[in-house]
There are 2 protein chains.
Amino acid sequence: MQPERRSFIRDTEENRREALIAATQALVAEGGPQAATVRAIAARAGVTPGLIRHYFGSKDELTRAAYTALVDGMTDKGADALAGVGADPGERLAAFVAASLRPPVVDARAVGLWAGYLHQVQQDAALLAQHERSYLRYRDQLQALIADLDRPDVTTAQLRQEAIACNAVLDGLWLEGSVLPRGFEPGELVRIGLRSISAILGADLTRHTTFIPELHTTPGKAQA
Amino acid sequence: MQPERRSFIRDTEENRREALIAATQALVAEGGPQAATVRAIAARAGVTPGLIRHYFGSKDELTRAAYTALVDGMTDKGADALAGVGADPGERLAAFVAASLRPPVVDARAVGLWAGYLHQVQQDAALLAQHERSYLRYRDQLQALIADLDRPDVTTAQLRQEAIACNAVLDGLWLEGSVLPRGFEPGELVRIGLRSISAILGADLTRHTTFIPELHTTPGKAQA
DNA sequence: CAGATTGTTATACATCTGCATAATCTCCGG
DNA sequence: CCGGAGATTATGCAGATGTATAACAATCTG
C-alpha cells in the first residue's frame, strides 16, 4: 500500500515557466519572501520541487525571473489604461490617473508583492537597475501626458517636478488604498487623485471624465 | 585548547530588550524578515540566542515588540518636527512637511523596515490595528495643521480629503526618495512637497519657510 | 511497436531555523 | 568573603530549506 509514483503529463517549457513564476509571485504577495519556498512554489504550480531547478538553474534565478515579469507587467498596465481613450490630452491623463487608483493596481496583493521584493532589489544591482528603469519609464509616461496638456509657459524643469509630484500622489494613494482598503469609500481615491493632480498642474481634469464611473456614484453609497 | 566559555556581564532588563529590538529592526531593515534570525539578532545585540527566549517568550513576541517600537517612534517624530517652530500655522505645516521629506524619515532603511513588516502586519490582526491607529494618528496630526491655516469656507469633508491628499504626497515622495536616493537632488523632495501641498490647499507654504535650509541651496550644487 | 530522449518525480543530504534544556558564571546580600 | 539566585551561555534536537543526484515514465522517432 505504498504511495505509487505520481502520474504527470509533459508540458511546454513556456507553460511551466509561467506557472512557476505565477506561483512565486502569488506566494510572495501573500506571505512575503519567506513563504515562497521551493516546496510551496512547486505545490502551488502543481509540480514537484525538482522542476524549479530544471527550468531555472536555482531558486534565486526563479526569483529574479519573477521580479522581471512583475516590472514588465507594471509597464504594460499604463499603456492598457490609455488604449480605449480618445485623443484629448486632459481626458487621457485623467484616464491614466483613474486606472492607477483602482483595482487591480490598487490591491493588497500588489503592495505585498512590491514590498516582498524590496530588499532583494536593494541588494542586487541588476534588479535595482531594472527597478530604476521601470520607475523612470512610468514617470516619463506620466510626464508626457502632462506635457500634452494645453498650458502656456511650462519649462522642462517645471515639467519634471510636476511629474515627480503627480507620481508621488499616485504612489501615496496607491499605498494607502492598498494597505487600508476599508479606509476609503469606493471611488474616493480616484476623486482625490484627480482633484490633487488638477491642483498641482493648474488644469481641471475632472471636466473630461465622462467615462470614469467613480465620479458619478453617490458618496456614501456603494454601487451595485 | 577548546574554546573557553564566553565571559559576559549582566545588564538591566531594559537595556537588553532595547538592544534586541534594535538589532531586530536593523536586520529587518537591511535584509528583510528572512535576515532576522534568532542567531543573527543575538549576534548583532552582542549576546547569545538563548537570551531572546529569556526576555521575550519567543521570536514571534520579539518581532511584535520590535514593530510596536517602530510605530511608536514614528509618531514621536511628527511631534519633534513641531518642537522648535513658532505659532504661525503656515510655518508649522511647512516644518512638518519638510521634516517628513528629509533624513532620517526619508531613508532606505526606514522603507526597508516598513516593507519587511508589511506581510506580518497584514496577517496579524493585532498588528494591523496598531498600524491603522498609527496611520490615522499621523493623518489627523496633518489634518489639524491644515485646519489651522487661515482659509475661508472649508468643510469637514473637504478637510478630510485634503489631509488624505497631502498625506499621499508625503508618502509618495518618501517612497521615491528612499528607494531611489540618487534620483533627486538634495532638497528637491522638500521643494516639490511644499509646492504640491501648497497647490492642493490653495495656500502658499513657501513664504513661511525661512528656517528650511533646502529652499536656499543653489539647485544643482550640494551644500557643505 | 521498440528504443531513445528528456521532462518529471523521488530520495538523500548538508545546512539553517526556532526552541528546549542543562550547564555555568556574574553579581547581590549577608 | 561566601552562598544563593538568576542572568547568560552552551548544547542538543526536530523540522524546514535549497540543492544534488538517481529513478522513472511520457512522448517522440524510426
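In the text below, chain A, chain B and the rest are named by the order of the sequence lines, each starting its count at 1. Quick caveat, the model's predicted, so the values are computed rather than measured.
No salt bridge links B:E162 with A:R195; every basic N to acidic carboxylate O contact stays at or beyond 4.0 Å. Note on B:R44 versus B:E30: salt bridge recorded, some NZ/NE/NH1/NH2 to OD/OE distance being below 4.0 Å. Salt bridge B:E188/A:R160: present, at least one basic N to carboxylate O contact under 4.0 Å.
For the pair A:K59 NZ and D:dT19 P, the interatomic distance rounds to 8 Å; values are reported in whole Å. In this structure, B:L51 atom CG and D:dA10 atom P are separated by 11 Å, rounded to whole Å. Atom CD1 of A:I52 and atom P of C:dT8 are 13 Å apart (whole Å). The nearest whole Å value for the distance from the CZ atom in B:R17 to the P atom in D:dT8 is 12 Å. We find that CG of B:L27 is positioned 16 Å from P of C:dC16, with the value rounded to whole Å. Atom CZ of B:R53 is separated from atom P of D:dG12 by 19 Å (rounded to the nearest Å). Whole-Å rounding puts the B:Q34 CD to C:dG18 C1' distance at 16 Å. Counting to the nearest Å, the P atom of D:dA20 and the CG atom of A:D60 are 12 Å from each other.
Considering only side-chain atoms of B:R5, the nucleotide from C:dA23, D:dA7, C:dT9 that sits closest is C:dA23. When the nucleotides C:dT8, D:dT19, D:dA7 are ranked by their closest atom to the side chain of A:F8, C:dT8 comes out on top. Distance from the side chain of B:R16 is smallest to D:dT8 among D:dT21, D:dA26, D:dT8.
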N/O donor to acceptor pairs below 3.5 angstrom from side-chain atoms of residues 108-119 of chain B, sequence neighbours left out:
from	atom 1	to	atom 2	distance (Å)
B:H119	NE2	A:V28	O	3.0
B:H119	NE2	A:A29	O	3.4
B:H119	NE2	A:G112	O	3.0

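In terms of position on DNA chain C, the residue among A:D11 and B:R6 whose nearest nucleotide sits closer to the 5' end is A:D11. Summary of the strand contacts: A:G50 and A:S7 both lie near DNA chain D, and taking for each the nucleotide with the nearest heavy atom, the more 5' one is attributed to A:G50.
Applying the 4.0 Å criterion to OP1 and OP2 of D:dA7, one finds that B:H54 has a side-chain N or O inside that range. Not one side-chain nitrogen or oxygen of A:Y55 sits closer than 4.0 Å to the OP1 or OP2 atom of C:dG7.
As judged by a 4.0 angstrom heavy-atom cut-off over every strand, B:I9 is placed among residues touching the sugar-phosphate backbone only.
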Could you walk me through whether A:Q130 and A:T68 pass the side chain to side chain donor-acceptor pair (under 3.5 Å) test, one step at a time? CA-CA 8 Å; A:Q130 211 168 39; A:T68 299; 3.2 Å; yes
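With hydrogens and angles ignored, the 3.5 Å screen pairs a side-chain donor or acceptor of A:R17 with a backbone N or O of A:Y55.
Contacts with DNA chain D (heavy atom under 4.0 Å) in residues 37-48 of chain A: A:T37, A:V38, A:R39, listed by number.
Judged by distance alone with a 3.5 Å cut-off, a donor-acceptor contact links the side chain of A:R10 to the base of C:dT6.
Using modelled atom types, one finds a donor on one side chain and an acceptor on the other under 3.5 Å when comparing A:E176 with B:Y135.
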